[in-house]
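Shown next, in structure tokens, is the structure this report addresses.
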Amino acid sequence: MGERDSRAEWTEEAVVAQTQSAIAAYAHALDAGELDGIADLFWPDAVAEIAGVGVFEGLDAIRQAYAGFAPTGPQLHMVANTVVTWTDGREATAVSDLAFLRREADGWAVQLVGRYDDTLLRRGDEWRFARRVTTFRG
């Protein structure tokens, strides 16, 4: 028998909501410096690829990579224009625009802009990142 979950049938709306929730939770955890919160959003065999930084496979490597991004002051990741594609009931992909802001002495300033390309997998009734690719725009 196949893998069972608590939801008899997943709708596109439910998948989109779960995907967007994971993307938002990631931004909040990153801005708060919550390494365990970030890691909890990835599957144990997940991959996080950050342009110019590296490719990190597995939760220990992901947690260690994000430790290097611990906030040193108020910061905010703004994620917008997310487009979710539900592929087969157990996988969804999403593309999002990203702007990273940091509060400086004279107010908030945009530090960088970029894009997230995500693949999320459902195991049981949980959706988590299987792969997150972060790229930056000049």
- Item | Transitive ILVMFWY cluster of L76, excluding itself - 4.5 Å side-chain cut-off | M78, L101, W108, V110, V113
- Worked check of side chain to side chain contact (heavy atoms under 4.5 Å, CB included) between R122 and W86: CA-CA 11 Å; R122 177 176 65 86; W86 181 25; over 6 Å; no
- Task: Could you tell me whether the side chain of F56 reaches within less than 4.5 Å of the side chain of V47, counting heavy atoms only?
- Result: no
- Item | Main-chain N/O of A17 paired to S21 side chain as donor or acceptor, under 3.5 Å | no
- Message: Per the salt bridge (Lys or Arg N to Asp or Glu O under 4.0 Å) rule, what does the pair list look like for residues 95-110, sequence neighbours excluded?
- Response: D97-R137
- Item | Hydrophobic cluster of V133, others only, ordered by chain and residue number, side-chain cut-off 4.5 Å | none
- Return the set of residues passing ring-ring contact (aromatic ring centres under 6.0 Å, His included) with F69 (not counting sequence neighbours), or none when no residue passes. Y66
- Message: Strictly by ring-ring contact (aromatic ring centres under 6.0 Å, His included), give each pair with a member in residues 27-55 just once, sequence neighbours left out.
- Response: F42-F129
- Among pairs that include at least one residue of residues 13-33, which meet salt bridge (Lys or Arg N to Asp or Glu O under 4.0 Å), considering only residues two or more places apart or in two chains? none
- Note on the structure: Sorted by chain and number, sequence neighbours left out, side-chain hydrogen bond (donor to acceptor under 3.5 Å, both in side chains) with E12 holds for none
- Applying salt bridge (Lys or Arg N to Asp or Glu O under 4.0 Å), which residue pairs with at least one partner in residues 63-73 are found, sequence neighbours left out? D36-R63, D60-R63
- Crowding at CD, Q64 (>12 non-hydrogen neighbours, <6.0 Å): no
- Contact summary for G37 and A29, nearest pair of heavy atoms: C-CB, 4.1 Å
- Item | Verdict with supporting geometry, T134 and R115, side chain to side chain contact (heavy atoms under 4.5 Å, CB included) | CA-CA 6 Å; T134 306; R115 174 179 162 149; over 6 Å; no
- Under a single-linkage rule joining Ile, Leu, Val, Met, Phe, Trp and Tyr whose side-chain heavy atoms are separated by less than 4.5 Å, which residues share a cluster with V16? V84
- Message: Nearest 0.5 angstrom please: R132 CZ to I38 CD1, how far?
- Response: 10.0 Å
- Task: Say whether V95 and F100 are linked into one hydrophobic cluster, either directly or through other cluster members, by side-chain heavy-atom distances under 4.5 angstrom.
- Result: no
- Do Y116 and L121 belong together in a cluster built from hydrophobic side chains that touch within less than 4.5 Å? no
- Item | side-chain hydrogen bond (donor to acceptor under 3.5 Å, both in side chains) involving T82 - partner list, sequence neighbours excluded | S96
- Message: Ignoring hydrogens, what is the shortest heavy-atom contact between G33 and P71? Give both atom names and the distance.
- Response: CA-CD, 3.5 Å
- Looking only at heavy atoms, what is the nearest atom pair of T19 and A92, with distance? OG1-CB, 3.8 Å
- Less than 4.5 Å apart, any side-chain heavy atom of I50 and any of F136? yes
- Here the gap from L41 atom CG to Y26 atom OH, rounded to the nearest 0.5 Å, amounts to 9.5 Å
- Message: Please give me the minimum heavy-atom distance between I62 and A46, naming the atom from each residue.
- Response: CD1-O, 3.9 Å
- Message: Tell me which pairs pass salt bridge (Lys or Arg N to Asp or Glu O under 4.0 Å) where either residue lies in residues 38-57, with sequence neighbours left out.
- Response: D45-R123, E49-R131
- Query: What pairs with T93 under side-chain contact (heavy atoms from CB on, under 4.5 Å), at least two apart in sequence or on another chain?
  - Reply: T85, E91, T119
- Query: For the residue pair W127 and L120, what are the closest heavy atoms and their distance?
  - Reply: CZ3-O, 3.8 Å
